[in-house]
Each structure stands twice: as structure tokens, then as C-alpha cells.
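Here's the structure we're looking at; comments come further down.
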2 protein chains.
Amino acid sequence: MAALSRKHDVFQAIADPTRRKLLRLLADKEMPVTVICGHFPISRTAVSKHLRILADAGLVKERKVGRETRYRLEPTPLLELKEWLSFYERFWDNKMAMLKHYVENGKGHIVDADGDDK
Amino acid sequence: MAALSRKHDVFQAIADPTRRKLLRLLADKEMPVTVICGHFPISRTAVSKHLRILADAGLVKERKVGRETRYRLEPTPLLELKEWLSFYERFWDNKMAMLKHYVENGKGHIVDADGDDK
DNA sequence: TTGATATGAAACCAAATGGTTTCGTATAAT
DNA sequence: ATTATACGAAACCATTTGGTTTCATATCAA
């Protein structure tokens, strides 16, 4: 799962809002570039470059059909993101987990109202 | 949960590997800038700017203690990421979900070995 | 064959990004 | 009071990014 030395990593790929919209769009169905472009206010070439970046990150797959290239979502690299995120799961709204974390790490970053470490 | 019109959004904030390391580091405990810098090969000012970006995204909180500024992780904005990611959950390794998705969307992007739509 | 359509590649550009060094200022220590 | 420490702000710089327009090529249609 370890990044596979791709030219573009997932984190950087999804940083751009246009690319996130692309993923969302291609999740519903496979589409040729021209159709995809209909959903964006930028040039076809610009869309093409975004698609290249997504492909480099492994997030979309292309398939030639006649003179058109159809793109579709390839969701598996998002697992890397999910995995990364899972580290922080314990910090959310789970008091028990917080306590567990506190115990495990000794006098951690729990702070009282004075603003000083306990 | 809707982005709150911050100067930097979470997606962009976590795109940089240095910033991801920072989050990871500050998850364990609150730290002043100088200590943080000890973990990175770049200048203090550079680290400071990364911290500013993380703070703008709401991912770290700062607290002045004497002449030092201590930073700590603030994980809640990561929920936006989790939420975004949850949309794609159904695409992973769950054949039932795939089928459900297929049924719901009619003849979607399911493709056979010939490489043509069914 | 002769267009028209679908797309990528190349060259180019302005703005953003990640880094540096230098300077200013607030707090702590002597 | 003076010096040292901790930090942010400002100015600057090279590279990357997101966009454009123009050109080349492959396929479909007449």
C-alpha cells in the first residue's frame, strides 16, 4: 500500500477542488473527455492535465474506445488516505479513547484552565 | 461542517508531506516551535509558515506560554476529510455495495472483459 | 479522399508554493 | 540594564501549478 513511488501522490491529487469534482463525476460513470469537459468552465486541455495527474496517482483509469478516451474512477488509492486518517480516529469525540491515549502517553498534552501542563 | 470559508482548506493543508509530519508530531503532545524545528531539516521560519497554514485550516491551535508559542493538534477539521472519503467507501471490496450501486444507477460503468459497456 | 471530431503534446504565462535570509520585538536570564 | 532566547514579519527567489493557445495525430463520417 506504500505509495508505490507514483509520480503524484493521492494527497496532492485530491488537494485541488477541480480534481475532487472530477473524481466525484467519474464515480457515477465512465466518460469520454469531451463529456467530462461539459461539466467544467475550463479548457479541455486543462481538464486533460487534471486527468493525467489523477491517473498518475492511480485514481482514474483510462480506456481507448475508437477515437475517444474514457475515464473512470479507480478508488483503491483512496485507501491510503483512509489509512492515514485512521490514525486520528481516536481523537474524535470519544472520551474513552482520549483517556486511553492519555494513560498510554503519560502526562501528555492534557491541559487545565490555567493554561499550564498538569 | 461546510468549509467555514477558511483561508486554507484541509485538503490543501495535508497535501504537503512536511505538514503531515507536523500533524503527526503534534498529535503526541503540545510543543513550542523550537522543539518542533528539531524534527525537521528546514529553517524555523519555514516550519513557522507551515504551522500558520495548518492553523488557518484549523488543524492546530497555538497557545502563548511566556516567550514561546506552543502548538497542538486540533483534529476536528479532519472530519471533513472523513466525510468526503465516506462517499467512496461503497466502492471498496464490497460486492453487495457494488451491486446496489449498479442497480440504483441502471446500466452504469460496469464493464465486461471485451471492454464494452453491457 | 476529404473533412470533421476527439484528444494529447508543446510552448508559454501568471500566480501560488516552499524555501531562504534579514530584521524587529517580546520575554527571560544575568 | 544588558544580553540572550523565541518567535513572527518582510523581502526575496526558484520551482511548481493551473491555466491558456496552438499544433499534431488518430479515428470516424461523407
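A, B, ... follow the sequence lines: proteins, then strands. Residue 1 opens every chain.
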Tabulate protein N/O versus nucleotide N/O from nucleotides 28-30 of chain D, keeping only pairs under 3.5 Å, one per line.
none

Problem set entry | Over all atoms of both residues, closest heavy-atom pair of B/Q12 and A/A15 | CA-CB, 4.3 Å
For this session: Sort out for me which residue in B/R72, B/R70, B/R52 forms a salt bridge (charged side-chain N to carboxylate O under 4.0 Å, His left out) with B/E62.
Result: B/R52
For this session: State whether B/Y71 places a side-chain N or O below 4.0 Å from either non-bridging phosphate oxygen (OP1 or OP2) of D/dG8.
Result: yes
For this session: Mind checking side chain to side chain contact (heavy atoms under 4.5 Å, CB included) for A/T45 and listing every partner two or more places apart, or none if nothing turns up?
Result: A/S43
Problem set entry | From C/dT7, C/dG18, D/dC7, nucleotide with atom closest to B/H50 side chain | C/dG18
For this session: For C/dT17, take OP1 and OP2 only and decide whether either is under 4.0 Å from a side-chain N or O of B/Q12.
Result: yes
Problem set entry | Whole-Å gap separating P (D/dT17) and CZ (A/F11) | 16 Å
Seminar exercise, completed: When rounded to whole Å, the CG to P distance for the pair A/L51 and C/dG8 reads 7 Å
Exercise. Got A/E68 and A/T34 here, is their nearest side-chain heavy-atom distance under 4.5 Å?
Worked result: no
Seminar exercise, completed: So, with a heavy-atom separation below 4.0 Å from DNA chain C, the residues of residues 54-62 of chain B are none
Seminar exercise, completed: Here the gap from B/L26 atom CG to B/E74 atom CD, rounded to the nearest 0.5 Å, amounts to 12.0 Å
For this session: Check the distance between D/dG18's P and A/R52's CZ and give it to me in whole angstrom.
Result: 15 Å
For this session: Of all the heavy-atom pairs spanning A/P77 and A/G58, show the shortest one and how long it is.
Result: CG-O, 3.2 Å
Seminar exercise, completed: In whole angstroms, the gap separating C1' of C/dT7 from CD1 of A/I36 amounts to 12 Å
Would you tabulate the nitrogen or oxygen pairs shorter than 3.5 Å linking the protein to nucleotides 20-22 of chain D?
unit_1	atom_1	unit_2	atom_2	d
D/dT20	OP1	A/S43	N	3.4
D/dT20	OP2	A/S43	N	2.9
D/dT20	OP2	A/S43	OG	2.5
D/dT21	O4	A/T45	OG1	3.3

For this session: To the nearest Å, give me how far apart CG (A/D9) and C1' (D/dT16) are.
Result: 14 Å
For this session: Starting at atom CG of A/L22, determine the distance to atom P of D/dG19, rounded to an integer number of angstrom.
Result: 10 Å
Problem set entry | Rounded interatomic separation in angstrom, taking NZ from A/K64 and P from D/dT27 | 6 Å
Problem set entry | Distance-minimising heavy-atom pair for B/A55 and B/V60 | N-CG2, 3.5 Å
Seminar exercise, completed: In this structure, CG of B/L81 is separated from CG of A/L81 (nearest 0.5 Å) by 4.5 Å
Problem set entry | d(CZ, B/F40; P, C/dG19) in whole Å | 10 Å
Problem set entry | Contact list for residues 42-89 of chain B, test ring-ring contact (aromatic ring centres under 6.0 Å, His included), sequence neighbours left out | B/F11-B/W84, B/W84-B/Y88
Exercise. CG of B/L25 to OG1 of B/T18: how many Å apart, nearest 0.5 Å?
Worked result: 12.0 Å
Seminar exercise, completed: Per the under-4.0 Å heavy-atom filter, residues of residues 14-21 of chain A near DNA chain D come out as A/D16, A/R19
For this session: To the nearest 0.5 angstrom, please state how far the CG atom of B/D56 sits from the CG atom of B/D9.
Result: 11.0 Å
For this session: Taking all non-hydrogen atoms of both residues into account, name the closest pair between A/K82 and B/L85 and its distance.
Result: CA-CD2, 3.4 Å
For this session: Supply the atom-to-atom distance A/E89 CD to B/L79 CG, rounded to the nearest 0.5 angstrom.
Result: 8.5 Å
Exercise. Could you give the distance from CG (A/L51) to OG1 (A/T69), rounded to the nearest 0.5 Å?
Worked result: 9.5 Å
